Structure formats: C-alpha cells, structure tokens
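Worksheet for the structure shown next.
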Amino acid sequence: MTRITILSVCLSVVLLLYILEMVRRRRLREEYSILWLFGSGVILLLSIKQSWLIYLAQAVGIAYPPSFLFLIGILFIMLILIHFSIAISKLYQMNKRMAQDIALLKRESEKDG
Amino acid sequence: MVNDGSPDGTSRAARDAGAIVLDLPCNLGIGGAVQTAFLYARDGGYDALARIDADGQHEIEDIPRVLEPVLSGRVDAAIGSRFLGETEYRASIPRIFGIRHFRSLVNVFTGYRVTDPTSGFFAVNRRLIEFYSAHYPSDYPEVDAYILMHRLRAQTAEVPVRMYPRAEGKSSITLFRAMYYMVKVTLSFLINCIRRFG
C-alpha cells in the first residue's frame, strides 16, 4: 500500500466513525446521516480498491483517475447542499406558520384575558 | 396592525391607541407578516381586507376609496396607484426602471394593465383573503400577487391614491438590494406562472 492509500483509508474511516458517533449521540438525525454515510462509504471503498477507481475512470473516459474522484466528490457535495437548501426551505415554511399561529393565539388570549 | 418582530415601542403604542395588534415572535419578512393579517381576517370571517404601510407612506384617508370597488363587488382586488391622477410622487431613477420592468412583466404575463405594480396599498375580498392565507409570497409579494390573481381569474382595478416619502425608518429596498429584488421578483413571478396551487 502506498502512503496516500493509508492516509485516505484512515481519513475515511475516521469520517465514517465520526458520523456514526454523531448519530448515536442524537446530534445528527438518521435522515441526514444517510447521505454522509453513503459518501464516506464510497470514499473508503475507492481508497481501498484503487483498481475500481481506475476502471470506473476509464469507463467514463477520464484519463487521470484522481480527477474521477474529484468529480464524484464535487457531485456529492452539490447533492448534499441541494438537500440542505430544501431542508432549510421546509424549516422556513414551518417556522413561518408557527410564528403566524403564535401571533394569532397571543391575540386570542389577550382578547379573553 | 402586524408587528413583524420589532422590539421597539410601536406595538405598545398601537395597542394603546386602540389597534388590534398581531405580534410576530420573530421577523418573517413582509410577505409572511402580511399573510398573518390574511389569516386573522380569514379566521375572523371578514369580508374584505385593506392593507397600508405603517411608515406613513400611505394616506389613511384613501382607504375607503381603495375598499369601495371591493365592497361593491365590482372587483376582487383594488390596488392604490401613486401614478394615477395628479401626483407629487417623485421616484428615484432605479425605482422608475424597476417599476417599468414590472409593469411590462405583469402586462405580458397576465394581461392586467397596471401603472403601479409594486404598490403595497390594496384591498381584497373574501375570496382572495382565503387564497392568500394559504399562498402568499414570502418576500416582495406585490408583483407576485398579480400572477396569483391572474391564476384565479380575479378582477382587479387600480385606484388613484396619495403616497408620501416614508416618515420613519429605512426602506426594505436599498440601492444595494435593488438588483437582487429585480432578479428575485422576476424569477418567482415566472415560477408562479408554472406552479400548482392545490
């Protein structure tokens, strides 16, 4: 094994364990952890099986295999960011509804009290 | 009066003056705040709702004039225009540019002929109160509202009103935000053309 292989395997194992630990402590919801676990799993797999990376890179016509890794990484980050934008939009809607309901309920209670 | 999360004395002053005040626990932005009033009107069973700015830009005496076409049942929405009739209103250059842009946008996509597409001085009937309670744009809602009304095949009319430079506070549309405003409103306007309203 080359030094970079050892390094990338170590890093992806640490990432994987960190995410699992966050889920276990309920700091990260399972819902959001799936994407991260999947992402770190893919990185780990491609770090160990570099022949797969080379094969996949050749299959899509990329001459320099590490570029394929970057491509996967960037796509994964984009996916997760879009996921966050959707989650934030949903939270905004919920927050708006709740704030409006609070305002209306406060008015109700003032009227009675 | 809807207080969009302001901690200053406005809410208390309005209450002391006898107004019904809806205090939002946090700042939602203009659309979310106005929607709170639609929800209040919907739940309270009101037939019509008129809306004015709280910063002194709109002439309170003009409210009956804006409400009249709605109360008489001629239209679903009446919008106060600062450009109809004789006016002392002087808009800045970027604002004139923006207003022209939105005028053509509204006209091309809805067929409504409007002179003041960004006017926040309006009155709506029960039908629109109910619709807006569920669907009201979150920020910069005035231009978007035309597409929503068009989708409902609502009848609208513009009414001449007086508008003044704001008495207090800063406009939500600074020069810096003008570009963002144009892009955002144009985009959400176009998206509302193809959106489903359940």
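Since the structure is predicted, the reported quantities are computational estimates derived from the model, not experimental observations. Reckoned from all heavy atoms, side chains included, excluding hydrogens, waters and symmetry mates. Each chain gets a letter, A, B and so on, in the order its sequence line appears, and its residues count up from 1.
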Taking atom [atom1] of [X] as the centre, does the number of heavy atoms from other residues, nucleotides or ligands within less than 6.0 Å exceed 12?
X      : atom1 : result
A/R97  : CZ    : yes
B/R100 : CZ    : no
B/E68  : CD    : yes
A/L91  : CG    : yes
A/F38  : CZ    : no

- prompt: Do you know which two heavy atoms are closest between B/P25 and A/A99, and how far apart they sit?
  reply: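 Scanning both residues completely, I find the closest heavy atoms to be CD-O, 3.4 Å.
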
task: Search all heavy atoms of B/D23 against all heavy atoms of A/A103 and return the closest pair with its distance.
output: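 Closest approach of B/D23 to A/A103, heavy atoms only: O-CB, 3.3 Å.
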
query: Can you tell me how far the CD atom of A/Q100 sits from the OG1 atom of B/T36, to the nearest 0.5 Å?
result: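 A/Q100 atom CD to B/T36 atom OG1 measures 4.0 Å (nearest 0.5 Å).
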
field: Spacing of A/I102 atom CD1 and B/L22 atom CG [to the nearest 0.5 Å]
entry: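 Rounded to the nearest 0.5 Å, the CD1-CG separation comes to 13.0 Å.
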
field: Path from A/I72 to A/L44 over hydrophobic side-chain contacts below 4.5 Å
entry: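 No, no single cluster joins them.
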
side-chain contact (heavy atoms from CB on, under 4.5 Å) evaluation trace for A/R107 with B/I20: CA-CA 8 Å; A/R107 166 67 198 157; B/I20 295 169; 3.3 Å; yes

- prompt: Going through the checks in order, is the side-chain contact (heavy atoms from CB on, under 4.5 Å) test met by A/K106 and B/V21?
  reply: CA-CA 10 Å; A/K106 250 189 335 197; B/V21 180; over 6 Å; no

Chain A contact via B/D43 - side chain, backbone, both or neither, heavy atoms under 4.5 Å: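 Interface part for B/D43: side chain.
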
